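First comes the structure, then the notes that go with it.
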2 protein chains.
Amino acid sequence: MADKPEISRKAVYRLSIYSRCLEQLIDDGRELVSSTALAAAAGVKSSQLRRDLAYFGQFGMRGKGYQVEGLYQAIREGLGSDRESLKPVILVGAGNLGRALLCYDGFRKEGFEVKAVFDVAADELRDHGIQVPLFHEREMLEFVRENKINMAILCVPAEAAAEVVADLVAAGIQGILNFSPAVLKVPKSVVVSQVDLASELENLSYFISQKKIFEE
Amino acid sequence: MADKPEISRKAVYRLSIYSRCLEQLIDDGRELVSSTALAAAAGVKSSQLRRDLAYFGQFGMRGKGYQVEGLYQAIREGLGSDRESLKPVILVGAGNLGRALLCYDGFRKEGFEVKAVFDVAADELRDHGIQVPLFHEREMLEFVRENKINMAILCVPAEAAAEVVADLVAAGIQGILNFSPAVLKVPKSVVVSQVDLASELENLSYFISQKKIFEE
DNA sequence: TAGATTGTTAATCGATTAACAATC
DNA sequence: TAGATTGTTAATCGATTAACAATC
C-alpha cells in the first residue's frame, strides 16, 4: 500500500485541468512544454504546477521541460483514469436539470457513462425522450448493487435530497455529484462534490456589486 | 465608501448557504436559532459561522442566539440580493448543456432571469422549443449594452470559449459563470466562477479509488 | 445570579509561493 | 561550459478553529 500522499481535493482538481491542457498541446503537435508555459495555460503559478506534479512523481527534464505525451500519460495514470472502460454512474432525479444533464456529452468525453436514471415519477416521464433506462427510485438499491455502481449524480429537489442520499449510501454509493441545493449528511467514507448553480450566480453578483461600489 | 471588508469568495458562498438554511427555518416556524444549530444545518463549525456573519455586522443576542427572520434579512441585504427585481443574465451557447440550463428553474428561484440566448447556429436552433429570445452571437454586444446586462452563463465548446469571452468582456460583462471546460483569460475586474462537471466527476472518482486502496 | 451563547482574539492549520540548489 | 528549468525546501499567506471574555 502506497504511503498516503495527502493530496488535496483542490490539487486533484488542478491535475484534471493540466491533463486537459496537455491534450490541447498534443493536438497542437507540441513535444515539449515547460512548467511555466503549462502553468500559464492552466491559469496557475509554475511553482504550484511543479508541486502538484510532485504528488505523482518526477516527470521533467531539468533544463528542458516535460515531454507532453509522457506527462499526460503520467497524470492520467495518477488520477486513475485508464480510459479503457467508461466508468458507470447513475443519475437520480429526472426534472429539468436532470434531463438536461442526460443530454450533456461532456461526461462521456471524460470517461463516464450514465447507466440509468431514477425518479419517483418514472411513469409520467416515459415519453420525455429519455435515452437512458428509466426506473422508479425504489429500484435504485438493487440496480446499484447488481451493477456495482459507485457514483451518483443527484438532481432531486432540496426537500427530497436527504432521503435519497440515505438510500444511495445504503446501496453502497461512494461518491455523489450533488446539484440539489441542500447540504448532504453522509458518512466520512462518502465523497461529495457540491455544484450549487444558484449560489455561484449569487457569488458573482455580490462581487460585481462590490466592484461597482469601489468604482463610484 | 465602506472599508474593504476583505471577504473571501468562499465566505460569500457559505453566506448563501446560511441564507438557504434560514429559509428552511422560517418555513418551519422557528423564531430563534443558535450558531451551533445553524452551523450544523449548513455543515460548518459554529465558530466559522459566527466569523462569517461578522463580515456583515452583529446580529445575535448573547445567551439567546439569532432571530431567524432578522438574520435572514441581514444576510440577504449583505449579499445585495434585494429580491425586488430579477437580475438579468444572458446565456451563450445553446448546445445540450445550454438548452438544459434554460429549463432549469433554480436560477429564477434565486433571483436571476435569463433574458436571451446567443449561439453561432441560432438559425438551426429555431425549432428546439427554446422559451427565451434566441439570437446569433453577433448580436450579443449590442444586446448586452442596451439591456445593461452584467452577467453571462457560458456553455460554448472549449474551442470557442476564448473568442466568446473576449466579446463578452468587450461588451462590458462583469461576471461569467463558466461551464466550458476551458481556462478563461479575463481582466482582473471580471469575476469568473468555473463549473467543471467532468473534472468534478474525475475528482470523486479519484478519491473513491484511493479509499479502495486503503481498505484492501 | 447561573447558564448559555455571542463576538472576537489568538493559535493552528493548510495551501501557495518564492527561491534556489541540483542538473540536464 | 553557460543557460535553462526542474524538484524541493523554507517562507509566506490566508483560512479555519479553539478558546474565552463579554453579556444577555
Side-chain angles (χ1 to χ4, degrees), chain A residues 3-18 21-22 25 30-72 74-75 78 183 188 194 203 207, chain B residues 3-18 21-22 25 30-72 74-75 78 183 188 194 203 207:
Chain A
D3 249 34
K4 200 180 178 185
E6 290 288 359
I7 183 166
S8 69
R9 298 277 309 254
K10 278 169 100 171
V12 171
Y13 188 87
R14 286 192 300 266
L15 284 156
S16 292
I17 310 293
Y18 305 150
C21 293
L22 287 163
L25 292 171
R30 293 282 304 276
E31 305 247 309
L32 284 174
V33 68
S34 69
S35 61
T36 311
L38 182 54
V44 303
K45 290 259 156 71
S46 68
S47 50
Q48 180 159 66
L49 166 66
R50 294 197 301 275
R51 189 173 241 285
D52 288 339
L53 296 180
Y55 287 118
F56 289 160
Q58 301 187 176
F59 311 107
M61 298 170 292
R62 285 165 200 247
K64 288 268 185 296
Y66 302 84
Q67 286 208 257
V68 171
E69 180 69 34
L71 183 59
Y72 175 72
I75 295 180
V183 179
K188 280 193 310 301
Q194 182 75 28
N203 203 285
F207 286 99
Chain B
D3 248 33
K4 200 180 178 186
E6 290 290 358
I7 184 166
S8 70
R9 299 278 306 254
K10 279 169 99 171
V12 172
Y13 189 87
R14 285 191 300 266
L15 284 156
S16 293
I17 309 293
Y18 305 150
C21 294
L22 287 163
L25 292 171
R30 293 282 305 275
E31 304 247 308
L32 283 174
V33 67
S34 69
S35 61
T36 312
L38 182 55
V44 302
K45 291 258 155 71
S46 68
S47 49
Q48 179 159 68
L49 166 65
R50 294 197 300 273
R51 189 173 240 285
D52 287 339
L53 296 180
Y55 287 117
F56 289 160
Q58 302 187 177
F59 311 108
M61 299 171 290
R62 286 166 199 245
K64 288 270 186 293
Y66 302 85
Q67 286 209 256
V68 170
E69 180 69 36
L71 183 58
Y72 174 72
I75 294 179
V183 179
K188 280 192 311 298
Q194 182 75 28
N203 202 286
F207 286 99

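All values reported here derive from a predicted model rather than from experimental measurement.
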To the nearest angstrom, the CG-P distance between B:L32 and C:dT6 comes to 10 Å
Least distance between heavy atoms, A:L32 atom then A:M61 atom
CD2-CE, 3.4 Å
Describe the nucleic acid contact of A:S8 in one word from base, sugar-phosphate, nothing, applying a heavy-atom distance below 4.0 Å.
sugar-phosphate
Specify the separation, in whole Å, of atom CD of B:Q48 and atom P of C:dT6.
15 Å
Does a side-chain N or O from B:R9 land closer than 4.0 Å to OP1 or OP2 of D:dA15, or not?
no
Kindly check if the number of other-residue, nucleotide or ligand heavy atoms within 6.0 Å of CD (B:Q67) is above 12?
no
Quickly work out the B:L53 CG to C:dT5 C1' distance and round it to whole Å.
13 Å
In short, A:A42 meets A:I17 closest at the heavy-atom pair CB-CG2, 4.1 Å
So which atom in A:Y13 and which in B:Q194 form the shortest heavy-atom distance, rounded to 0.1 Å?
OH-CG, 4.0 Å
A:F56 and A:I7, any side-chain heavy atoms less than 4.5 Å apart
yes
Measure from OH on A:Y18 to C1' on D:dT6 and round the result to the nearest Å.
15 Å
Rounded to whole Å, how long is the line connecting atom CG of A:L49 with atom P of C:dA15?
17 Å
A:I7 atom CD1 is separated from C:dG14 atom P, nearest whole Å, by 16 Å
Test log, rule side-chain contact (heavy atoms from CB on, under 4.5 Å), inputs B:V44 and B:Y18:
CA-CA 10 Å; B:V44 302; B:Y18 305 150; 3.7 Å; yes
Separation of A:L71 atom CG from D:dT5 atom P, in whole Å?
16 Å
Just by modelled atom types, is the B:R9 backbone N or O under 3.5 Å from a matching donor or acceptor in the A:N203 side chain?
yes
Can you tell me which nucleotide in C:dT8, C:dT17, D:dA18 comes closest to the side chain of B:R50?
C:dT8
Residues of residues 60-69 of chain B with a heavy atom under 4.0 Å from any atom of DNA chain D, listed by number, are B:R62, B:G63
B:S34 near the nucleic acid: base, sugar-phosphate alone, or nothing, with a heavy-atom cut-off under 4.0 Å?
sugar-phosphate
Reckon B:S35 has a side-chain N or O less than 4.0 Å from the OP1 or OP2 of C:dT5?
no
Out of C:dT16, C:dT6, C:dT8, minimum distance to the side chain of B:Q58 belongs to C:dT8
Going by atom types only, do A:R51 and A:S47 share a side-chain donor-acceptor pair under 3.5 Å?
no
Tell me whether the count of non-hydrogen atoms from other residues, nucleotides or ligands lying under 6.0 Å of CD in B:E31 goes above 12.
no
Side chains of A:L53 and A:Y66, heavy atoms from C-beta outward: is any pair under 4.5 Å?
yes
Indicate, yes or no, whether a donor-acceptor pair under 3.5 Å links the base of C:dT17 to the side chain of A:R51.
yes
The helix from C:dG3-D:dC24 to C:dC24-D:dG3: angle between its terminal axes, five pairs each, to 10°?
0°
Report the distance from atom CD of B:E6 to atom C1' of D:dC13, rounded to the nearest whole Å.
12 Å
